[in-house]
Amino acid sequence: MSIESVKKHILERMAAAGRKAFGQAPEGLAVVFPPDLQLGHFAVGCFPLAKPLRKSPAEIARTLAAGIAADDVIQAVTAAGPYINFTVHPKILFEDTLAEIISAGASYGDSRAGESRRVMVEYLSPNTNKPLHLGHLRNAALGISVARLLAATGHRVVKSILINDRGVHICKSMLAWQRFGNGATPQSAGMKGDHFVGTWYVRYAIESEKDAALEARVQEMLKNWEAGDPATLGLWKRMNQWVYDGFAATYRRFGMDFDVFYYESDTYKLGKDVIAEGLRKNVFATDERGNTVYHLPEAQFGLEKSGAPKKVTVLRPDGTSLYISQDIGTAILKVTQHGLDSSVYVVGSEQEHHFKCLFSMLGALGYAWAANCYHLSYGMVYLPEGKMKSREGKVVDADDLIAGMEELAEVEIRKRDPERRLSEEEIKRRAAVIGTGAIKYYLLRVRPAQSINFDPAESISFDGFTGPYCQYAYARIYGILEKAGQRGLTDADADFARLGNLEELLLLKLLIQFPEEVASAVAEYNPSRVAAHIFNTAKAFNQFYNKHAVIQAESPAGAAARLALIKATAAVLKRGLGLLGVDVLENM
RNA sequence: GCGCCUGUAGCUCAGCUGGAUAGAGCAACGGACUUCUAAUCCGUAGGCCGGGGGUUCGAAUCCCUCCAGGCGCGCCA
């Protein structure tokens, strides 16, 4: 019997009791889990009946509870204040639910809620003048997870990246390399390409302090680039390729992947046609200074102090474009190229206003899909000393952080392998799964809107509310299943009537709730829902593990039932972590 | 000045579409490995849920207001 059927059965019995006691069937009741499973397996609050029956919820609960007798589903009924608590026969509770989870396996919790709608998730948007930093990793972790969550709920997902590969900041590293590089390459310097280029960006900052004339040289270089000067373009391509080679390694290491790469050098001229058309249709206007502007609707944006509408410039008087003009063009390009129903932009909260303006304009231009666009805004990552802003020089380098975490994981792995049975390759593989998993989990366990105070000591911990903790629970289950297999034990012939202790009930409850949490996470674009739920599930398993034997259960039929329970738990842990972009290990 | 976000245990955070005694992790202290991996578990201690009003049978949750911090507010990205 499925949980839904059990709930339905409870409501039917409530209805029957209500008709008998009050002459009417109760309406609007919901079956929920009690806060403490010792109270019962399911509960119904009688609040909605108080008004129509003009009695207190507690009195109604007492009357109804007295009118419901035990049957082959319900074992016991008790009134507790305004609630009626139901205890259900364990066999009914566990049997079909565990069978369903085990048979669904990797797809448990999935749904078709997205109705195959096509959605693009854009994330990362790096600059090609320096390596990725911790802030990018938060962005990536969110993008990876949200893409997976959307796919799991029946959306067709296209992952994209917008690379800021042009502009003055790019020219700065180019100029510094040209002047001071003496033909050095990442190979000759023995550096990853993005780090190598980053050193020249830093070098520019140092040199320009001493020589104010460099600024003019950079502007000149930018002009040459825009004019298509072959030498400048050659240098630009060469240095960007170094960066891309470096980025590719980081993408791979962190599990980022993209179906579509957009380059600002391709997209920065987009939008002008649409803006011109919008001007004809009076979506845009020309202001007194010659700017093409968009008047922000008062209803959403309010007015200036003067009472004039707020506005945003979409084109300069000389016709050159701005960030938002390109974004208009790129948004439309995305939709036309990929037949999108919606777009998700994973971008920091400092750009909230920008995206509100962008979506408003797209709507005003007549694109119905604008209403489905979503800015997945996330808070800053702060360092103990201050903000994660590369301009201020204080950053945590992404590659360094990943390497550091993997090294720590490696130390722990070696500690657990005193007899040196593991190959170096296997140690590295495990270290990578644990290290990157720890980072992703650390970045995803809080709500996107919440800023993160990056505490180096806490972030490297593998204890408590962490990825490795969850991975460890999975590995433990795998160990038991493996040993059970060796002894010829399976979850067949399970007697589910033997389950039902508090630890087993809590575990089952969490397994049942997993699909709801996935649905909430998608609805809120909030992977932390899944992170928290998976942690709770791992913890519930560890509590169960410490108190009850599986293979050495009281009876073979009981062992089989517990095997089914932990098998289902493993499926949920793996799926949940997978939705966070975190892999699992069979052995840790 | 205006808008958005944040304020919950010593620290970091859940809970925010209103419901049973406000939860977790870390840190502190005390325990548990001859038995499926101790990267684990158990226990103790720790809260005017920023302040004040209001709505409600019921508020950390909704409304108003004040305080504190962050981000942003056309011709940067």
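We name chains A, B, ... by the order of the sequence lines, and we start the count at 1 in each one.
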- Item | Residues in ring pair (Phe, Tyr, Trp, His ring centres under 6.0 Å) contact with A:Y441, at least two apart in sequence or another chain | A:F465
- Under the ring pair (Phe, Tyr, Trp, His ring centres under 6.0 Å) rule, collect the residues that match up with A:F301, sequence neighbours excluded. none
- Check whether any side-chain heavy atom of A:V530 lies under 4.5 Å from a side-chain heavy atom of A:L149, and answer yes or no. yes
Check the interface with nucleotides 54-56 of chain B: list each N/O to N/O pair with the protein under 3.5 Å, or write none.
none

Kindly point out which of [options] is positioned nearest to the side chain of [X]?
X      : options                : value
A:V312 : B:rC13, B:rG74, B:rC75 : B:rG74
A:E352 : B:rA39, B:rC4, B:rA77  : B:rC4
A:Y323 : B:rC36, B:rA77, B:rU12 : B:rA77
A:T313 : B:rA39, B:rC71, B:rC75 : B:rC75
A:R447 : B:rC75, B:rC5, B:rA14  : B:rA14
A:N546 : B:rA20, B:rU40, B:rC13 : B:rU40
A:D36  : B:rC75, B:rU21, B:rC13 : B:rU21
A:H354 : B:rG72, B:rA77, B:rA39 : B:rA77
A:P468 : B:rG74, B:rC76, B:rA39 : B:rA39
A:R529 : B:rA39, B:rG15, B:rC36 : B:rG15

By the 4.0 Å heavy-atom rule, please label [X] as base, sugar-phosphate, or nothing.
X      : answer
A:A549 : base
A:Q351 : base
A:N291 : base
A:H375 : nothing
A:N85  : base
A:L481 : nothing
A:Q326 : nothing

- Query: Does the side chain of A:Y472 get closer than 4.0 angstrom to OP1 or OP2 of B:rA39 through an N or O atom?
  - Reply: yes
- Item | Contact under 4.0 Å: A:R421 side-chain N or O vs B:rU37 OP1/OP2 | no
- Message: Are there over 12 heavy-atom neighbours, none belonging to A:K509, within less than 6.0 Å of that residue's NZ?
- Response: yes
- Item | Over 12 non-hydrogen atoms of neighbours within 6.0 angstrom of NZ in A:K574 | no
- Under the side chain to side chain donor-acceptor pair (under 3.5 Å) test, residues paired with A:Y469 that sit two or more places apart: A:N542
- Using the test side chain to side chain donor-acceptor pair (under 3.5 Å), find all partners of A:N291 that sit at least two apart in sequence or belong to another chain. none
- Note on the structure: Its glycosidic angle compared against 90° from 0, B:rC33 adopts the form syn
- Smallest heavy-atom separation, A:N240 atom then A:D165 atom, equals ND2-O, 3.4 Å
- Task: Identify the two heavy atoms, one from A:P34 and one from A:H41, that lie closest to each other, and give their separation to 0.1 Å.
- Result: CD-O, 3.4 Å
- Stems field, RNA chain B, Watson-Crick or wobble, 3.5 Å, at least 3 pairs, by first number, holds B:1-7 with B:67-73, B:10-13 with B:23-26, B:28-32 with B:40-44, B:50-54 with B:62-66
- Query: Cation over ring, A:K130 on A:Y201, under 6.0 Å and within 45°?
  - Reply: yes
- Would you mind listing every side chain to side chain donor-acceptor pair (under 3.5 Å) that reaches into residues 300-325 of chain A, with sequence neighbours excluded? A:R316-A:T320, A:D318-A:T320, A:Y323-A:Q351
- Message: If the condition is salt bridge (Lys or Arg N to Asp or Glu O under 4.0 Å), which residues does A:R54 pass it with, not counting sequence neighbours?
- Response: none
- salt bridge (Lys or Arg N to Asp or Glu O under 4.0 Å) filter on A:K539, not counting sequence neighbours, yields none
- Message: So that I know where these two stand, are A:Y268 and A:W225 an aromatic pair - ring centroids less than 6.0 Å apart?
- Response: yes
- Message: Taking the ring centre of each residue, are A:Y374 and A:Y345 less than 6.0 Å apart?
- Response: no
- Within residues 292-305 of chain A: residues closer than 4.0 Å to RNA chain B (heavy atoms): A:V293
- Task: Using heavy atoms and a sub-4.0 Å distance, could you list which residues of residues 42-51 of chain A are near RNA chain B? By number, please.
- Result: A:A43, A:F47
What nitrogen or oxygen pairs link the protein and nucleotides 23-25 of chain B at under 3.5 Å?
residue : atom : partner : partner atom : Å
B:rA24  : O3'  : A:K539  : NZ           : 3.4
B:rG25  : O2'  : A:F465  : N            : 3.3

